[in-house]
Structure formats: structure tokens, C-alpha cells
Amino acid sequence: RHKFWETQPVGQFKDLGDSNLPEGPIEAPTPLSEVKQEPYNLPNLYEWITCDMESKDTCAEVYKLLANNYVEDDENMFRFNYSMEFLQWALRPPGYFKSWHIGVRVKTSKKLVAFITGVPAKIRVRDEVIQMAEINFLCVHKKLRSKRLAPVMIKEVTRRVHLENIWQAAYTAGVILPTPITTCQYWHRSLNPKKLIDVGFSRLGARMTMSRTIKLYKLPETTVTPGFRKMELRDVPAVTRLLKNFLSKFVVAPEFDDNDVDHWLVPRDNVVDSFLVEDPETHEITDFCSFYTLPSSILGNQNYSTLKAAYSYYNVSTKTPLLQLMNDALIAAKQKDFDVFNALDLMENGTILKELKFGPGDGQLHYYLYNYRIKPALAPSELGLVLL
Ligand code: NHW
Ligand code: EN5
């Protein structure tokens, strides 16, 4: 059934019941001298390129490929529209490898037709901290689909990750592959219900009118928690401490240091927003919340071309109840004119989504590890990792 994935060091469906298989790496690292030195073969019309994501021009080419060919919902009404600034942020974290930003182009026209990326990350599984690659932005141009190009892309990124002496990876997908470590549900909180209904993102509920719906989702104009403010660079050490302590509760979670927090969580306009609660008396940082900006193109609507979506990122509550903290995140997102606030049911999110008037979406997100077996599957609430 999975001609490619059956050949890879990933948990296989046939092994799901087998309690004899140990947790941990599926295959041992090979000596670096035995890692293939040349790129995998592509069909003759195409060639590999390493994308320089510092270059505005390259970034614009990648942006265009993804904006036209990346992930859509199951009814092809919306397509992710990652911005250039977002791509630069996502692909250039501390210690990133340019060689992991891989494109395929047509030899004659130089047109970019496929893409895959990795970025380095330290990820803890139970009590082991493992250097991994986070794989994302796998994309093959619509006209080149179903030609088995994706397995070549995956093998080539794997080879380049191995060359850095890294042997594990984490990735997510909307499709089921062998085999998820957990499956999360997408939830959606309407901020601009009229637009969401107009573009077919959501529907008017039974026995609901438009004005009752607008009232149902109305939020206060300003946040309610005293001391709630935007995160600043000077807050990095305090936020790192909060986050480290919080993430230690999950079975799978990133190990963030100050440099990672500086990169991933200090606010960047139109990319990532982060807020914290500073106790007005003690000036202690007690709570943190964040979301990233990922609009979707609306395919074929007369009136609107983009849906402005905020995605819940990392949240830590120690003093402010999570419900109130996330409600302030919703208010902040509304102030910034987002149409919808999306979240997965991972970490502690499952405990507050219903009360905050999120509803389940029609999409799921499956989480995977490459060359690392976890058994049995985790509950979403045991997962402390958010991929972009
Ligand atoms: S998930 C988003 C993936 N991108 C999209 O959905 C964009 C729209 N779709 C496309 O561009 C986030 C194409 O449909 C793609 C497949 C390119 C998806 N992951 O070339 P063929 C990520 O980026 C398998 C993995 O003919 P295609 C995470 C499929 O099961 N495998 O198909 C990426 C089949 O294998 P099988 C996927 O439609 C993680 C084979 O590809 C997949 O023209 C990558 C068919 O290939 C997916 N999302 O192109 C893995 N979708 O065995 C990283 C399909 O079943 C692993 N397939 O026959 C770790 C690597 C690093 C290790 C380091 C130690
Ligand atoms: C990983 N980096 O399907 C990316 N989104 O629910 C790769 N549905 O937006 C993996 N179909 O339910 C991506 N509205 C996997 C996700 C791909 C995109 C996707 C889903 C997630 C989504 C929307 C729109 C559906 C349009 C028709 C949806 C209902 C919202 C409603 C609001 C009011 C309360 C009830 C729910």
C-alpha cells in the first residue's frame, strides 16, 4: 500500500500491535563516510538547487510556488498563503543549514517546481533530548503530481540531514502515513463570523440568524488581565524559564534555550505575536501566550481573496487561568483584525476550547517522527510541539 514509506525507518502499520519492539531509534546511524555523497537522481528535465532564503528573489520564487501549489482543505476552497517574511522566519532559526532548503527547477526555464525544507531542532522524547530536523513545506507543482517526485525529495533531504550527523526528524501532515505518534484535531474560533460565513469557511448554525451569530462571537474591545502586555526582547530569559518548566510535562516537546525563544517567540510584525502577564506588584512574569499569522487564499470568491488566520502557538499559564489567558489572546487577535483563531487540541488546549466557543474543524493534523519509535500512540494532550 505504501511502496515508499514501507522502505523507510518509520513505525509500520503491521507493527502497531507488537509490544516487543523497543522505543527509540529504529536504525543506528551509519558512519558519515558511508552517507551517499552525490544527490539522488531526478528525471532528466529537472535539477536540484539549494535555495538561498536570505535572497529576496529566491524567497519570492518559493513564495509563489507555495502560494499556488501548497496545502488546501479537502474541498479546495482555501490554500495556505505563507508570507515571505514568515518563510524567512520559519527557515532561518539559530543554527539553520542552507543545504536543507531544497528546490527542484526545470533545467531549461529555471522555473521552481518543487520544494522541501528542514530546520534543526532539539526535541525531547520522554527523558531523551534528540537533535532532529523539522521537515516542512514539501510541495510539488500541481502539474507534476503523482510522478513519485515526493519520495525523491524526501530521500534527498534525508541525505542532507544525515550529512550533518542528524538521524531523526519530526514532521506533520494532514494525511495518514505510517504511522502517527498522535493525531490532533483542528478547532476554529470565529472572530469575524460574517466574513467566515460569506466565504464558506463556516455556516450559519441551526436556528441561528446572522445577528445572533455576530453577538455570540462578540469579544471585549480590550484585554482583561491586569499586566497583560506584548512580549519584548528583555523578557527572553523569563519566558525561556516559564516555557522550559511548562514543556517538561509533555512526552514530546522542543528544548528551547534563550536563542530559540529570541527567534521563535519575540514578536515580529505579521509573523508571530507574543504576550505575557507581568504581575503589576512584583513585576514577575507569570503567564505567556502566542500565535502566528498564516493567511489562506480564498479560492474563487467574488468579494474576498484572503482569510486572515491566527494559529495558537505556545501558551503557559501559571497564575492567570488558561481560559482567561486564551480569551485575552482572542481579544488581541481580534484587535489585529484576524478573521479566525485556530488551535489544535494538543498540550492543555483541550480543556478550554469549547468554553471559548471554538468548534471542531473538518481537518486533522497527524504528527510523525522519522527513525524513532514511540509506543503506543500518544494522546494529543501529551504532545508539547507545534510545527508551523
Ligand atoms: S505536510 C504538507 C505536504 N504538502 C502538501 O500537501 C502540498 C500539496 N501537495 C503536494 O505538493 C507538511 C503533493 O501532493 C506532495 C506529494 C508533495 C505532498 N508527507 O510524488 P508522489 C510537510 O511538508 C507520499 C510525506 O507521487 P505527489 C511535511 C505518499 O504517501 N509523504 O505524490 C513533509 C506516497 O508514498 P507511498 C507524503 O502527490 C514530510 C508518495 O508520497 C505526503 O505528487 C515529509 C507519493 O509521491 C506528505 N505530506 O506529491 C517526510 N504526501 O509510500 C519527511 C504524500 O504511500 C520525513 N506522500 O507510496 C523525514 C525526512 C528527514 C529525515 C532525517 C533523518
Ligand atoms: C503542517 N504544517 O483542512 C501543514 N484545514 O479544520 C500541513 N477547515 O480550515 C497539514 N472544507 O473546518 C495541513 N471550518 C492540514 C490541514 C489542511 C487545511 C485544512 C481545516 C482544519 C479547515 C475549515 C474550513 C472548511 C472548508 C470546507 C473548517 C469550520 C469552522 C467552524 C467555525 C464555527 C464553529 C464550528 C467550526
Side-chain angles (χ1 to χ4, degrees), residues 1-10 25 27 29 65-66 68-80 82 90 100 113-118 130-178 184-191 193 196-197 199-205 213 216-217 294 296 298-299 307 309 311 340-344 353-354 357-372 386-388:
R1 282 244 18 258
H2 289 287
K3 269 290 158 247
F4 168 65
W5 281 110
E6 280 168 11
T7 69
Q8 297 298 300
V10 294
E27 57 182 37
L65 173 73
L66 296 179
N68 292 318
N69 301 277
Y70 200 49
V71 176
E72 299 178 7
D73 68 296
D74 63 353
E75 290 166 288
N76 313 103
M77 296 172 69
F78 306 97
R79 190 187 306 124
F80 285 153
Y82 289 91
W100 294 6
V113 293
F115 191 60
I116 191 168
T117 67
I130 305 159
Q131 184 62 58
M132 296 200 193
E134 291 176 351
I135 307 299
N136 205 348
F137 305 112
L138 168 59
C139 183
V140 168
H141 192 286
K142 287 186 180 222
K143 294 206 162 141
L144 297 178
R145 297 277 168 90
S146 307
K147 298 178 185 297
R148 311 299 300 182
L149 209 53
V152 188
M153 307 288 299
I154 293 167
K155 284 191 275 184
E156 181 60 12
V157 76
T158 301
R159 188 184 72 82
R160 296 187 191 194
V161 170
H162 285 167
L163 285 173
E164 304 299 336
N165 201 18
I166 294 172
W167 304 88
Q168 270 76 34
Y171 51 104
T172 59
V175 296
I176 299 188
L177 303 165
C184 295
Q185 175 70 49
Y186 277 102
W187 290 71
H188 307 282
R189 186 8 169 124
S190 302
L191 301 175
L196 295 183
I197 291 167
V199 303
F201 186 90
S202 69
R203 291 190 195 147
L204 212 48
T213 304
L216 173 67
Y217 290 116
L294 169 48
S296 281
I298 304 172
L299 308 175
L307 187 72
Y311 284 75
V340 64
F341 193 102
N342 299 335
L344 296 162
L353 293 169
K354 281 187 178 147
K357 298 173 184 165
F358 284 76
D362 62 3
Q364 293 190 324
L365 189 63
H366 309 281
Y367 275 74
Y368 302 94
L369 295 180
Y370 184 94
N371 193 23
Y372 202 94
V386 179
L387 299 182
L388 303 170

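When a ligand or atom number is given, it counts from 1 through the structure's own listing order.
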Quick check: does V175 get an N/O under 3.5 Å from an N/O on ligand 1?
no
At under 4.0 Å between heavy atoms, which part of H162 makes contact with ligand 1: side chain, backbone, both or neither?
side chain
Below 4.0 angstrom, counting only protein heavy atoms, does anything approach atom 54 (C) of ligand 1?
no
N/O to N/O below 3.5 Å, does that happen between L138 and ligand 1?
yes
Nearest-0.5 Å distance that lies between atom CG in D362 and atom CD in Q185:
8.5 Å
So CD1 of I154 and CD of Q8: to nearest 0.5 Å the spacing works out to 7.5 Å
Under 4.0 Å, heavy atoms only, figure out whether ligand 1 is touched by the backbone of A133, its side chain, both or neither.
neither
So, R189 side chain and Y217 main chain: donor-acceptor pair closer than 3.5 Å or not?
yes
Contact check: V161 vs ligand 1, nitrogen or oxygen atoms, below 3.5 angstrom:
no
Please name all residues satisfying salt bridge (charged side-chain N to carboxylate O under 4.0 Å, His left out) with K143, sequence neighbours left out, ordered by chain then number.
none
Backbone or side chain, does any N or O of A169 fall under 3.5 Å from an N or O of ligand 1?
no
Can a non-hydrogen atom of P360 be found less than 4.0 Å from any atom of ligand 2?
yes
Backbone N/O of R1 and side chain of E6: donor-acceptor pair under 3.5 Å
yes
Which one holds for Y368 and ligand 1: side chain close, backbone close, both close, or neither close, with close meaning a heavy atom under 4.0 Å?
neither
Heavy atom of P151 under 4.0 Å from ligand 1?
yes
What part of Y171 sits under 4.0 Å from ligand 1 if we count only heavy atoms: the side chain, the backbone, both or neither?
side chain
So which of F201, Y171, F78 gets nearest to atom 30 (C) of ligand 2, if we judge by its closest heavy atom?
F201
Nearest non-hydrogen partners of N76 and L299, listed with the distance
O-CD1, 3.4 Å
Is K147 touching ligand 1 with its side chain, its backbone, both, or neither, if touching means heavy atoms under 4.0 Å apart?
backbone
Closest candidate by heavy atom, reference atom 37 (C) of ligand 1, pool L365, T7, L177, I176
L177
Atom 29 (C) of ligand 1 touched by protein (heavy atom, under 4.0 Å)
no
Checking side chain to side chain contact (heavy atoms under 4.5 Å, CB included) against I166, which of N371, I130, V161, T158 comes through?
V161
Counting distance only, does the side-chain N/O of Y368 pair as donor-acceptor with the main-chain N or O of L177 below 3.5 Å?
yes
Do other residues, nucleotides or ligands put more than 12 heavy atoms under 6.0 Å from the CZ atom of R145?
yes
For D74, is at least one N or O under 3.5 Å away from an N or O on ligand 2?
yes
N/O of E6 under 3.5 Å from N/O of ligand 1, yes or no?
no
Residue and atom name of the nearest protein heavy atom (relative to atom 38 (O) of ligand 1), distance in Å to one decimal:
R145 CD, 3.8 Å
Quick one: look at N136 and ligand 1, take heavy-atom pairs under 4.0 Å, and tell me if it's side chain, backbone, both or neither.
both
Any heavy atom of Y217 closer to ligand 2 than 4.0 angstrom?
yes
Please indicate, with yes or no, if any protein heavy atom is found under 4.0 Å from atom 2 (C) of ligand 1?
yes
Do other residues, nucleotides or ligands put more than 12 heavy atoms under 6.0 Å from the NZ atom of K147?
no
T172 contact mode with ligand 1 (heavy-atom cut-off under 4.0 Å):
backbone
Short N/O distance, under 3.5 Å, between H2 and ligand 1?
yes
To atom 25 (C) of ligand 2, the nearest of L388, L138, D362 on a heavy-atom basis is D362
Under 4.0 Å, counting heavy atoms only: does L387 come that close to any atom of ligand 2?
no
Residues at least two apart in sequence or cross-chain that pass salt bridge (charged side-chain N to carboxylate O under 4.0 Å, His left out) with E156, listed by chain then number, are R159, R160
Taking heavy atoms and a distance under 4.0 Å, where does N69 meet ligand 1: side chain, backbone, both or neither?
backbone
Ranking V140, V152, V71 by closest non-hydrogen atom to atom 17 (C) of ligand 1, top hit is V140
Please report whether ligand 1 has a polar contact with F137, defined as an N or O pair separated by less than 3.5 Å (distance criterion only).
yes
Does some non-hydrogen atom of T158 fall short of 4.0 Å from ligand 1?
yes
Nearest protein heavy atom to atom 49 (O) of ligand 1, by residue and atom, and its distance?
A150 CB, 3.6 Å
Given D73, L216, I197, identify the one with the heavy atom nearest to atom 11 (N) of ligand 2.
D73
I'd like to know whether ligand 2 has F358 as a neighbour, heavy-atom separation below 4.0 Å.
no
Taking non-hydrogen atoms only, is W5 closer than 4.0 angstrom to ligand 1 via side chain, backbone, both or neither?
both
